[in-house]
Undergrad: 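The structure is given below, and queries will be raised subsequently.
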Amino acid sequence: MTANEQATNEQAANGQDEQRLAGAGDVTRRKVVVAGAGAVAAVGLGGVMAANASNTFAGERREKPGGGPAPALEECYLLTSETTEGPYYIDADKLRRDVTEDKGGIPLTLRLKVIDSETCRPVRNAAVDIWHCDAVGVYSGYEDMGNGGGGPAPTGEPPTGEPPSGDPSGPPPGGGHQEPTDETRYLRGTWKTDRKGFVTFRTVFPGWYRGRCVHIHVKVHVNGEWTDAGYEGGTTCHTGQFFFDEESVLASAVVEPYVSNAAERTTLDEDTIYDGTGTQGGLLKLRYDKRDIARGVRGSLTVGVDPEADSDGQGTAPEPSVSASASASVSASAN
C-alpha cells in the first residue's frame, strides 16, 4: 500500500468513526465509550485534531510560515481565574462537541486552547466540560428550577419545585451540588483537547437570569485515561466561567428567543463572579457581524491551567495535588 493510499484509508476511517460518535448523541458518556471505544480514540486523536486545527480565531496563537510557533502572547502565561462551579453541574455529561440539541438561539462556536500556565505548552487529551443556560435562562437537568433558580422562565411551564434562594450562581442553601430534577441534558457536553491543546464546541449564545451576567461554565480534567468505562483517574485542575462583553449581550437581547427573556439582567460590571481582569478572568474574544449577530458568533480563549492543581469547584485558588492519579474520575468529579 502506498503512503497516499494509507492516508486516504485513515481519513475515511476517521470520518466513519466521527459519524458513529455523532449518532450516539443521546447516549451517555459511558455508553458512548463502551459502544465504540475505538471511535472515541480515533475521533479524539485524529478527527478532532484535524477539525480543530483547521479553525483559528482572531487573537489566538498561530503557526509561523516556517512551521514553528509564533511568539507567545503575554496572557499565555497567566493562570485563568478560578470560580465557583455553581449548583447546576452534572457530571457524566454527554461526550460530544455539538451540545445544541434542539435549543433555539444564536449559533455559537466556542474554541478553547488549554495550556500549562507555567510553560505555555498545550495540555493534550484533557477532558473539558462546558454547561450553560438556554436563551431564557433555564438549565437542562433543572427545568423545575425555572429561570436560573430565580423563578419561572418567561416561556414554558412554571416550575414545580422549590427554587433555591439567594445568589443563583453559588451553591444552594446548605452548600454544595443541587441534584438534577429531570433527564434533559441540552447545552452540556464533554470533549478532549487535541495535541495542540484545542477543543471546539458548537452551542448557542447563552441567555441570562436574575443575579448573573451571561456566562458559560467550564471544568478541565487532566491526567486521566479514556477507557471502555469512560474518562478515568486524574484530577479536575480548573473550574471556571466564560463571560461575554456588554455589546454582544445587548445585540443578542433584541433577537428571538432572547427578546422573550423578561428576567432582570445583571451587567458584566455588576456581576459578583467576574473579577474584571479581561481574558484572564474568562472574558471571551468574540467575532460576529455587528449588523446581524443572529448569523452566529465565534468565541475563543486561551485557558491557562496548572495541571498539578486540584480544583475544589468553590472558586478558591486550586491547590497542587498530592497525586495526579489518586483522584476520582470525571464520572465522580467535583460534586
Side-chain angles (χ1 to χ4, degrees), residues 44-46 48-64 66-83 85 97 109-130 189-201 215-226 231 233-243 274-275 277-287 298-313 315 317-321 324-325 327 330 333-334:
L45 300 180
V48 175
M49 290 178 191
N52 284 343
S54 66
N55 296 316
T56 302
F57 290 170
E60 291 183 344
R61 293 175 63 188
R62 290 178 168 82
E63 299 294 320
K64 287 182 178 178
L73 299 176
E74 181 181 357
E75 68 180 9
C76 171
Y77 295 88
L78 299 177
L79 186 69
T80 302
S81 299
E82 188 84 359
T83 68
E85 75 175 36
R97 287 179 293 168
T109 301
L110 179 63
R111 182 170 168 78
L112 308 172
K113 183 173 185 179
V114 182
I115 63 167
D116 184 319
S117 63
E118 290 292 326
T119 66
C120 284
R121 293 176 180 173
V123 179
R124 306 177 180 184
N125 296 325
V128 179
D129 295 330
I130 66 164
T190 303
W191 201 255
K192 66 165 63 178
T193 56
D194 66 16
R195 62 185 178 87
K196 294 183 179 180
F198 285 107
V199 63
T200 301
F201 292 96
H215 63 282
I216 293 175
H217 294 267
V218 63
K219 279 183 179 287
V220 179
H221 313 273
V222 295
N223 300 320
E225 293 186 60
W226 298 89
Y231 184 81
T235 55
T236 302
C237 71
H238 176 67
T239 302
Q241 296 182 26
F242 301 131
F243 302 94
Y274 175 59
D275 63 12
T277 58
T279 52
Q280 181 184 3
L283 186 63
L284 291 168
K285 300 173 183 177
L286 303 176
R287 292 180 59 191
R298 292 193 292 176
S300 64
L301 195 69
T302 298
V303 182
V305 303
D306 177 0
E308 297 183 357
D310 191 354
S311 170
D312 64 3
E319 296 291 338
S321 42
S325 62
S327 174
V330 168
S333 65

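Along the sequence shown, the residues carry numbers beginning at 1.
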Undergrad: Would you find a donor on one side and an acceptor on the other, under 3.5 Å apart, between the side chain of T193 and the backbone of G197?
TA: no

Undergrad: Do you know which two heavy atoms are closest between G281 and S81, and how far apart they sit?
TA: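 Minimum heavy-atom separation between G281 and S81: CA-OG, 3.4 Å.
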
Undergrad: To the nearest 0.5 Å, what is the distance between NZ on K113 and CZ on F198?
TA: 4.5 Å

Undergrad: When rounded to the nearest 0.5 angstrom, what is the spacing between OG1 in T83 and NE2 in H238?
TA: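 These two atoms lie 6.5 Å from each other.
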
Undergrad: Can you measure from CH2 (W191) to CG (L112) and round to the nearest 0.5 angstrom?
TA: 14.5 Å

Undergrad: Look at the side chain of T200 and the backbone N and O of R111, then say whether any donor-acceptor pair between them is shorter than 3.5 Å.
TA: no

Undergrad: Can you check side-chain contact (heavy atoms from CB on, under 4.5 Å) on L284 and L110, steps first, answer last?
TA: CA-CA 9 Å; L284 291 168; L110 179 63; 3.8 Å; yes

Undergrad: Run the numbers on V128 and V114 for side-chain contact (heavy atoms from CB on, under 4.5 Å), then give the verdict.
TA: CA-CA 9 Å; V128 179; V114 182; 4.2 Å; yes

Undergrad: What pair of heavy atoms forms the shortest contact from Q241 to H215, and how long is it?
TA: OE1-CD2, 3.3 Å

Undergrad: Which is it for T302 and T279 under the side-chain contact (heavy atoms from CB on, under 4.5 Å) test, yes or no, and what are the steps along the way?
TA: CA-CA 8 Å; T302 298; T279 52; over 6 Å; no

Undergrad: Only counting residues at least two apart or in another chain, list the ones meeting ring-ring contact (aromatic ring centres under 6.0 Å, His included) with Y274.
TA: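 Only F243 meet the ring-ring contact (aromatic ring centres under 6.0 Å, His included) criterion with Y274.
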
Undergrad: Return the minimal non-hydrogen interatomic distance between T190 and A127, and the atom names on each side.
TA: CG2-CB, 4.2 Å

Undergrad: Is there a side-chain contact (heavy atoms from CB on, under 4.5 Å) between V222 and T235 once you walk through the steps?
TA: CA-CA 6 Å; V222 295; T235 55; 3.8 Å; yes

Undergrad: Quick one: pull up CD in E85 and OG in S311 and give me the separation to the nearest 0.5 Å.
TA: 8.0 Å

Undergrad: For G313 and K219, work out which heavy atoms get closest and say how close.
TA: CA-NZ, 4.2 Å

Undergrad: If you compare all heavy atoms of E82 against all heavy atoms of C237, which two are closest, and at what distance to 0.1 Å?
TA: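 Heavy-atom minimum between the residues: OE1-O, 4.4 Å.
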
Undergrad: Restricting to non-hydrogen atoms, name the atom on L301 and the atom on G282 that form the minimum distance, rounded to 0.1 Å.
TA: CD2-CA, 3.9 Å

Undergrad: Once you round to the nearest 0.5 Å, how far does CG of D116 lie from CG of L79?
TA: 9.5 Å

Undergrad: Does the side chain of K192 reach to within under 4.5 Å of the side chain of V199, using non-hydrogen atoms?
TA: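 No, every pair of side-chain atoms sits at 4.5 Å or beyond.
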
